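In what follows, a structure is listed as structure tokens, so that the remarks can point back to it.
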Amino acid sequence: MSWLALLDFGAVMIFALTGALVASRAQMDPVGFLFIACLTAMGGGTLRDVLLDRNPVFWIAQPTYIAVACGAAIVVFFTAHLLESRLRTLLWLDSLALAIAVPAGAGVALELGAPPPIVILMGMITGCMGGLMRDVVVGDVPVVLKQGELYVSAAFGGALALWLTSTYFAPDVPALVAGAAVTWALRAGSLAFGWQLPTYRSTPPKS
Amino acid sequence: MSWLALLDFGAVMIFALTGALVASRAQMDPVGFLFIACLTAMGGGTLRDVLLDRNPVFWIAQPTYIAVACGAAIVVFFTAHLLESRLRTLLWLDSLALAIAVPAGAGVALELGAPPPIVILMGMITGCMGGLMRDVVVGDVPVVLKQGELYVSAAFGGALALWLTSTYFAPDVPALVAGAAVTWALRAGSLAFGWQLPTYRSTPPKS
Amino acid sequence: MSWLALLDFGAVMIFALTGALVASRAQMDPVGFLFIACLTAMGGGTLRDVLLDRNPVFWIAQPTYIAVACGAAIVVFFTAHLLESRLRTLLWLDSLALAIAVPAGAGVALELGAPPPIVILMGMITGCMGGLMRDVVVGDVPVVLKQGELYVSAAFGGALALWLTSTYFAPDVPALVAGAAVTWALRAGSLAFGWQLPTYRSTPPKS
């Protein structure tokens with residue numbers, strides 16, 4: 001199995017865990033768990049594959065991904081009540097999934113020979129859109145857009161790091177590792193220490 | 001016309017009725033009726049076709065579908081005020097549309113030779129995503145995700161029944177009928193008798 | 001550069017401005033501005049390209065579009081506070097973007113030889129879906145669906161005008177201009193003078 005497929009598996013599994021946690025917070029039934037878990041786990045990568053016209057879409061080519069996502073959802077259904085804080089667990093798992101999905105997305109685009117802006121955008125789309133779909137469908141405020149947190153920015157930083165590493169230093173594994181590390185460091189720093197970019201605040205016109 | 005195309009027509013027409021009913025509850029203008037009706041009617045099947053890379057998408061290949069959806073929306077615009085309860089009508093029509101769309105989606109995937117998990121997922125996607133788009137766009141709580149009701153589960157059951165029938169008993173029409181019957185029985189049972197799966201309820205940790 | 005590409009550039013730029021204004025109202029950080037701007041700017045055209053199976057999608061073929069959208073977002077980040085009313089600016093810019101995107105979408109479908117209903121629908125999809133995604137993701141009531149305003153109807157009128165002009169009078173530039181003019185006139189008339197279609201209002205059953 002290629003490194004990229006392995007990353008896709010990791011991202012699918014961890015995103016499925018976050019989807020199932022969201023389902024547990026919404027008190028859904030087991031099939032609802034599976035549905036939200038699959039949507040979250042496969043949403044970003046599916047969008048990437050449709051946009052890049054990769055046929056077939058990754059989970060149609062390899063239905064094992066679906067089994068992995070469903071397995072993760074079932075585990076959460078039976079264990080979520082053991083967690084002290086589902087929201088904290090959710091946010092930290094989500095940060096891991098993001099850190100894996102960003103290089104998975106950017107790496108695929110790189111392999112297809114896409115130009116740099118597309119490589120970076122595909123990393124961001126694969127990382128962010130699954131979680132966004134999860135939150136929009138359930139009706140939560142999207143984690144992706146929460147004020148005063150790095151999320152899309154972390155994905156951007158990671159995808160940029162991957163592209164820079166692969167172009168100026170070493171492709172393949174080192175680039176993937178750099179992408180994951182930078183994404184996770186930025187996102188985790190934001191969760192743990194409140195790192196953020198200045199947000200827009202309207203100031204009175206200078207008259 | 002093939003049986004699958006006939007099912008697509010039926011699902012498009014009935015989903016369009018539900019979309020127009022939602023538009024009437026939101027007091028939209030006639031073009032809003034057409035828009036939501038088309039989104040609901042064509043959303044699930046479009047997603048199926050894009051994911052399976054069927055070209056062209058069914059309503060682009062055959063624009064009659066659009067006329068059917070628009071016709072249904074116009075009928076609702078002029079008759080919705082005659083209904084005693086728009087919400088009940090909406091839910092029951094939606095259950096019929098689901099029961100038709102699930103075998104329509106699963107049948108297409110089966111015909112293309114997709115593996116079992118993809119057949120089942122395509123049935124669920126075709127059945128559930130149109131109604132989900134309708135509710136997310138209008139800002140309602142998605143019927144698909146309503147707590148304590150079978151919906152995604154009914155779609156799953158129906159798609160599974162279709163696949164089992166077609167594999168172990170008889171393909172084509174009997175399988176499509178089995179898929180529709182199981183989907184509708186589960187969904188209608190849930191609406192009429194409150195059938196449900198146990199939902200997730202957090203219990204205190206076992207210490 | 002073809003006229004259609006030029007229209008796509010115009011629509012991308014102006015929709016990006018509206019996306020960034022929405023981001024400023026939600027007090028996002030700079031990367032949030034870029035994200036919402038790109039989603040709004042590219043959403044409708046991307047859906048058009050995926051549905052028509054145009055490969056690659058326009059902004060993957062020509063990443064300059066991304067630069068244009070990001071540039072517009074940055075300009076708004078630094079100037080939005082100078083505006084007297086961001087909401088009014090947003091609505092009027094949105095009307096311009098709609099008027100450009102509708103002919104851009106319908107023109108592409110026409111060029112590909114699509115039948116009339118598809119030409120009209122692609123105009124409506126390209127015009128309306130970017131703004132719809134912007135509003136759904138941010139959690140606002142979609143401008144597209146606001147009661148008592150022409151929006152989808154304006155897109156419909158413009159796309160119809162484009163098709164009629166191109167079929168019975170003159171293709172290419174005159175048709176594109178007709179599409180843009182009719183769309184904008186209808187939308188602007190609705191904003192300025194309150195033009196609307198009769199909305200659905202339930203009347204008591206005739207007994």
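What you are looking at is a predicted structure, and each value in this text was computed from that prediction instead of being measured.
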Please flag which part of B/I125 lies under 4.5 Å from any non-hydrogen atom of chain A: side chain, backbone, both or neither.
side chain
Using 0.5 Å steps for rounding, measure from the CG atom of B/L51 to the OG1 atom of A/T46.
6.5 Å
Side chain, backbone, both or neither: which part of A/A26 has a non-hydrogen atom closer than 4.5 Å to chain B?
backbone
Measure B/M133 against the heavy atoms of chain A and call it side chain, backbone, both or neither at under 4.5 Å.
neither
Any non-hydrogen side-chain atom of B/P198 less than 4.5 Å from a side-chain atom of A/D29?
no
Chain B contact via A/F78 - which portion, at a heavy-atom distance below 4.5 Å
neither
Which residue pairs pass the salt bridge (charged side-chain N to carboxylate O under 4.0 Å, His left out) test when at least one of the two sits in residues 3-18 of chain A, sequence neighbours left out?
A/D8-A/R48
Below 4.5 Å from any heavy atom of chain A, which atoms of B/L132 appear? Answer side chain, backbone, both or neither.
side chain
For A/P56, which atoms come within 4.5 Å of any heavy atom of chain B: side chain, backbone, both, or neither?
neither
Interface moiety of A/I36 toward chain B, non-hydrogen atoms closer than 4.5 Å
side chain
Do the side chains of A/V31 and B/Y151 get nearer than 4.5 Å, heavy atoms only?
no
Is it the backbone or the side chain of B/V152 that comes under 4.5 Å from a heavy atom of chain A, or both, or neither?
both
Heavy atoms only: give me the nearest A/V137-B/V136 pair and the separation to one decimal.
CA-CG2, 4.5 Å
Is any side-chain heavy atom of B/I118 closer than 4.5 Å to a side-chain heavy atom of A/P63?
yes
Counting only pairs under 3.5 Å, give me each side-chain donor-acceptor contact of residues 173-195 of chain B, with atom names and distances, residues two or more places apart or in other chains.
residue: B/T183; atom: OG1; partner: B/G179; partner atom: O; Å: 2.7
residue: B/W184; atom: NE1; partner: B/S95; partner atom: OG; Å: 3.1
residue: B/R187; atom: NH1; partner: B/E149; partner atom: OE1; Å: 3.0
residue: B/R187; atom: NH1; partner: B/L150; partner atom: O; Å: 2.9
residue: B/R187; atom: NH2; partner: B/E149; partner atom: OE1; Å: 3.3
residue: B/S190; atom: OG; partner: B/L150; partner atom: N; Å: 2.9
residue: B/S190; atom: OG; partner: B/W195; partner atom: O; Å: 3.1

Side chain from CB out, backbone as N, CA, C, O: work out which of these in A/I60 comes under 4.5 Å of a heavy atom of chain B, or both, or neither.
both
Could you check whether any side-chain heavy atom of B/L197 comes within less than 4.5 Å of a side-chain heavy atom of A/M28, counting everything from C-beta outward?
no
Can you tell me which portion of A/F35 sits under 4.5 Å from chain B's heavy atoms? Options are side chain, backbone, both or neither.
side chain
A/D53, part contacting chain B, at a heavy-atom distance under 4.5 Å:
side chain
Spacing of B/C128 atom SG and A/L39 atom CG [to the nearest 0.5 Å]
11.5 Å
